[in-house]
Amino acid sequence: MLFRSRHFNSSGPGGGLAVYYRSGYSHVGDVCKKSYQLSKFRSSDYDVISVYRSKNESRQGQIEFLIDLQKLLNSRNKIIITGDFNTDPDGSVIGKELRNWNFKQVINYPTHIEGNRIDHCYISDNIKVKIRQTPVYYSDHDKIEICV
């Protein structure tokens with residue numbers, strides 16, 4: 001797979017997004033806040049929202065994140081929301097709300113070297129995906145491949 005374009009979205013050192021994407025996708029928009037970044041990409045069939053969230057476990061911080069995320073969910077395309085959420089998908093306000101929005105979380109194993117599942121992939125209910133999770137030497141997070 002050849003990546004044709006790249007996009008960066010960061011609010012400072014230690015976090016943010018670097019997204020490499022292939023032809024057929026275009027960058028649609030960003031949200032760039034101090035504690036999280038969201039970048040949206042679109043193809044003819046899919047919307048992909050990439051996420052980086054710093055460790056902010058406050059309920060209010062999670063609600064603010066969800067408000068901004070919801071603003072990006074205005075498409076009839078199939079939707080994939082994926083990235084480093086830095087929270088547990090089962091116990092967080094974010095995970096519970098995304099399930100209420102009829103998204104399914106498809107990462108089932110710990111993704112971080114400390115044994116936590118902090119990287120998530122939420123799909124709209126009309127998508128079939130294959131997930132390939134691989135530990136890598138250059139990160140404390142596993143590499144997650146999402147094949148549709």
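Note that these values count all heavy atoms, side chains included, but never hydrogens, waters or copies made by symmetry. Source: prediction; values computed, not measured.
For the pair Y46 and I79, the minimum side-chain heavy-atom distance is 4.5 Å or more. Contact of the I131 side chain with the E145 side chain is not registered, since no non-hydrogen atoms from C-beta on lie closer than 4.5 Å. Counting only heavy atoms from C-beta outward, the side chains of I80 and V148 approach each other to under 4.5 Å. The closest side-chain heavy-atom distance from Y20 to H7 is not below 4.5 Å. For the pair T87 and H120, the minimum side-chain heavy-atom distance is below 4.5 Å. Side-chain contact check for L38 versus Y52: every heavy-atom pair is 4.5 Å or farther apart. Residues Y36 and L69 form no side-chain contact, since every pair of their non-hydrogen atoms from C-beta on lies 4.5 Å or further apart. Using a 4.5 Å heavy-atom threshold, the side chains of F65 and I94 count as touching.
Grouping the Ile, Leu, Val, Met, Phe, Trp and Tyr side chains by contacts below 4.5 angstrom, directly or via other members, places L73 with I63. No chain of hydrophobic side-chain contacts below 4.5 Å, direct or via other Ile, Leu, Val, Met, Phe, Trp or Tyr residues, connects V106 to W101. If you chain together hydrophobic residues whose side chains sit under 4.5 Å apart, I123 and I144 fall into the same group. Hydrophobic clustering of Ile, Leu, Val, Met, Phe, Trp and Tyr side chains at less than 4.5 Å, counting indirect connections, unites L98 with I67. I146 and V51 fall into different hydrophobic clusters, where Ile, Leu, Val, Met, Phe, Trp and Tyr are joined by side-chain heavy atoms under 4.5 Å apart, directly or via other members.
Atoms OG and CD1, on S92 and I118 in that order, are 12.0 Å from each other to the nearest 0.5 Å. Note: D47 CG to R42 CZ = 4.0 Å, rounded to the nearest 0.5 Å. In this structure, CG in N77 is found 6.0 Å from OG in S43, a value given to the nearest 0.5 Å. If you take OG on S54 and NZ on K34, they are separated by 9.0 Å, rounding to the nearest 0.5 Å. The distance from atom CD1 of I49 to atom CG of D30, rounded to the nearest 0.5 Å, is 11.5 Å.
Between D68 and K33, the closest heavy-atom pair is OD2-NZ, 2.8 Å.
Q105 contributes a side-chain N or O that, together with a main-chain N or O of I107, makes up a donor-acceptor pair within less than 3.5 Å. A donor-acceptor pair under 3.5 Å is absent between the side-chain atoms of S10 and the main chain of G16, judged by distance alone.
Checked against the 6.0 Å centroid criterion, the rings of Y21 and F41 qualify as a close aromatic pair. A centroid separation of less than 6.0 Å is found between the aromatic rings of Y122 and F85.
Every pair passing salt bridge (Lys or Arg N to Asp or Glu O under 4.0 Å) that includes a residue from residues 85-110 is listed here, sequence neighbours excluded: D90-R117.
Taking the charged nitrogens against the carboxylate oxygens, K78 and D45 have no contact shorter than 4.0 Å, which rules out a salt bridge. Using a cut-off of 4.0 Å between Lys/Arg side-chain N and Asp/Glu carboxylate O, R53 and D84 are scored as not salt-bridged.
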(request) Go through the steps for L17 and F8 under the test side chain to side chain contact (heavy atoms under 4.5 Å, CB included), then give the verdict. (result) CA-CA 6 Å; L17 296 166; F8 303 102; over 6 Å; no
(request) Would you check, one step at a time, whether the test side-chain hydrogen bond (donor to acceptor under 3.5 Å, both in side chains) holds for Q37 with N9? (result) CA-CA 7 Å; Q37 293 80 47; N9 180 2; 5.7 Å; no
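Of the candidates K143, Q133, H141, H141 is the only one forming a side-chain contact (heavy atoms from CB on, under 4.5 Å) with D119.
Looking at residues two or more places apart in sequence or on another chain, you find a side chain to side chain donor-acceptor pair (under 3.5 Å) between S58 and N56.
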